[in-house]
Amino acid sequence: MKKIINYIMVGILVSFAYNCEEDLPSGSTNYVTFETSPSGFTVDKDATTSKDIFVYAGNKTGSARTFNVSVDASSTLGASYSVPSTVTIPANSNVGALPVSITDDNTLEFVPQTLVLNIQEESGTDINGSLVINVTESCPGTLVQFFLDLDTWPDETTWEIYDLSGTPTVIFSGGPYNNPADDFANLFFEFCLLPGDYGVVVYDSYGDGGPTYSVKAGATTLVGSTTLGGSSSSNTFTIE
């Protein structure tokens, strides 16, 4: 009877150990992943910015591990950049740093461009997704949006943005536009403006008006919707 009880107890212990192993997710610690995607990256105008992108492993090992890194073809970034072809997770650590540098060479805008990175597959290691880096030019002031709706004669339309903080100075301008390709086009421009007084002027060279424009800073209207009734229209606004 005691032997039977002993056999039963051994069976229960074996079964318990087996079931505990089954509860562990297969390969739960053998993976590599980027930091949370998407990641933000701002670059000062005409400058280079560098930052570390972190790569995480699910476990620590006694030796360093190196993984290949590639830039995905879906990237839209037009600016110059530097991305190492490998990233190393040091021994006895589960975090590796990938130094990325991006240079504003007059191709960055305030609308994000993307740099998409991949860790290349390696036998025996689960790779968890890609990293999308949203890259924008940094703005030390206020982002201002200028909206311009053209008429059927876009080749007659030009515009200027003035800095009125001292002697009036043209800081941005545009036009004329192409006829008929730009007929009734809805145009959008974004500027980074420091605190001060500014002016906007829209011209119609024929003098019969037609284009409509407005200026906003996010949800704040700086110049309400205005339609030219003649050769020009002007408005002023202030950035606090």
Side-chain angles (χ1 to χ4, degrees), residues 40-50 76-81 101-115 133-240:
F41 204 119
T42 58
V43 182
D44 291 338
K45 183 174 177 60
D46 301 323
T48 298
T49 298
S50 300
T76 63
L77 181 63
S80 301
Y81 59 85
S101 297
I102 299 175
T103 300
D104 176 23
D105 46 11
N106 295 319
T107 58
L108 283 181
E109 300 174 349
F110 301 114
V111 177
Q113 301 176 32
T114 60
L115 179 63
I133 303 175
N134 289 321
V135 184
T136 58
E137 182 180 328
S138 59
C139 175
T142 299
L143 284 177
V144 174
Q145 298 81 36
F146 171 55
F147 301 88
L148 178 63
D149 298 333
L150 302 176
D151 61 6
T152 191
W153 302 103
D155 53 325
E156 299 173 0
T157 302
T158 56
W159 56 270
E160 296 169 336
I161 304 291
Y162 284 82
D163 183 348
L164 303 179
S165 299
T167 302
T169 304
V170 176
I171 53 176
F172 301 104
S173 62
Y177 299 95
N178 296 320
N179 188 358
D182 294 321
D183 284 6
F184 301 108
N186 305 120
L187 305 181
F188 167 85
F189 306 90
E190 196 163 38
F191 314 114
C192 180
L193 301 182
L194 298 175
D197 297 320
Y198 297 89
V200 54
V201 184
V202 178
Y203 303 93
D204 184 278
S205 62
Y206 191 76
D208 60 347
T212 298
Y213 67 95
S214 62
V215 180
K216 296 183 178 182
T220 302
T221 298
L222 302 175
V223 175
S225 181
T226 304
T227 300
L228 273 69
S231 59
S232 68
S233 174
S234 63
N235 278 282
T236 60
F237 59 93
T238 299
I239 300 299
E240 301 294 341

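Given the structure is predicted, the values throughout are model-derived calculations rather than measurements. Side chains included, hydrogens not; waters and symmetry mates left out as well; all remaining heavy atoms used. This chain uses plain numbering: 1 for the first residue, then up along the sequence.
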If you draw a 6.0 Å radius around OH in Y81, do more than 12 non-hydrogen atoms from other residues or ligands fall strictly inside? no
Flag the pair Y177 / L187 as yes when at least one side-chain heavy-atom distance between them is below 4.5 Å, and no otherwise. yes
Taking all non-hydrogen atoms of both residues, which atom of D155 and which atom of P176 are closest, and how far apart? O-CB, 3.2 Å
Donor-acceptor side-chain pairing of T114 and T76 below 3.5 angstrom: yes
Is there a donor in the side chain of S234 and an acceptor in the side chain of Y162, or the other way round, less than 3.5 Å apart? no
Nearest atoms (heavy-atom pairs only) where D151 meets G209: OD2-O, 3.2 Å
For N179 and E156, what are the C-alpha separation, side-chain angles and deciding distance, and is it a side-chain contact (heavy atoms from CB on, under 4.5 Å)? CA-CA 9 Å; N179 188 358; E156 299 173 0; over 6 Å; no
Shortest non-hydrogen contact from S173 to V170? CB-CG1, 4.3 Å
Can you tell me how far OG of S138 sits from CZ of F110, rounded to the nearest 0.5 angstrom? 8.0 Å
Could you check if a side-chain atom of T42 sits within less than 4.5 angstrom of a side-chain atom of T49, using non-hydrogen atoms only? no
Within a strict 4.5 Å, meaning less than it, do heavy atoms of the L222 and Y198 side chains meet? no
Working to the nearest 0.5 Å, report the span between OG of S214 and CG of D149. 7.5 Å
Of all heavy-atom pairs between V43 and I102, which one has the smallest distance, and what is that distance? CG1-O, 3.8 Å
For a 4.5 angstrom cut-off between non-hydrogen side-chain atoms, does I171 reach L193? yes
State the OG1-CD distance between T169 and E160, to the nearest 0.5 angstrom. 11.5 Å
NZ of K45 to SG of C192: how many Å apart, nearest 0.5 Å? 10.0 Å
After noting the C-alpha distance and the side-chain angles of E240 and T238, does the key distance pass the side-chain contact (heavy atoms from CB on, under 4.5 Å) rule? CA-CA 6 Å; E240 301 294 341; T238 299; 3.9 Å; yes
Which distance, rounded to the nearest 0.5 Å, do you find between the CG of D46 and the CG of N106? 5.5 Å
Close side-chain approach of N178 and P154, heavy atoms under 4.5 Å: no
Are a donor atom and an acceptor atom from the side chains of D163 and S165 found within less than 3.5 Å of each other? yes
In short, L108 meets Q113 closest at the heavy-atom pair CA-NE2, 3.7 Å
Checking side chain to side chain donor-acceptor pair (under 3.5 Å) between S80 and each of T103, D105, T107, which is the one that passes? D105
Would a distance-only check, ignoring hydrogens and angles, find a side-chain to backbone donor-acceptor pair under 3.5 Å from T227 to S225? no
Please report the C-alpha distance between T157 and V202 in whole Å, then the side-chain angles of each, then the deciding distance to 0.1 Å, and finally whether the side-chain contact (heavy atoms from CB on, under 4.5 Å) criterion is met. CA-CA 7 Å; T157 302; V202 178; 4.2 Å; yes
Separation between CG of L194 and OG1 of T142, rounded to the nearest 0.5 Å: 8.5 Å
Identify the two heavy atoms, one from V215 and one from V144, that lie closest to each other, and give their separation to 0.1 Å. CG1-CG1, 3.4 Å
Contact check, side chains of L148 and P211, non-hydrogen atoms, under 4.5 Å: yes
Among Y203, F172, F147, F189, which residue satisfies the ring-ring contact (aromatic ring centres under 6.0 Å, His included) criterion with W159? F189
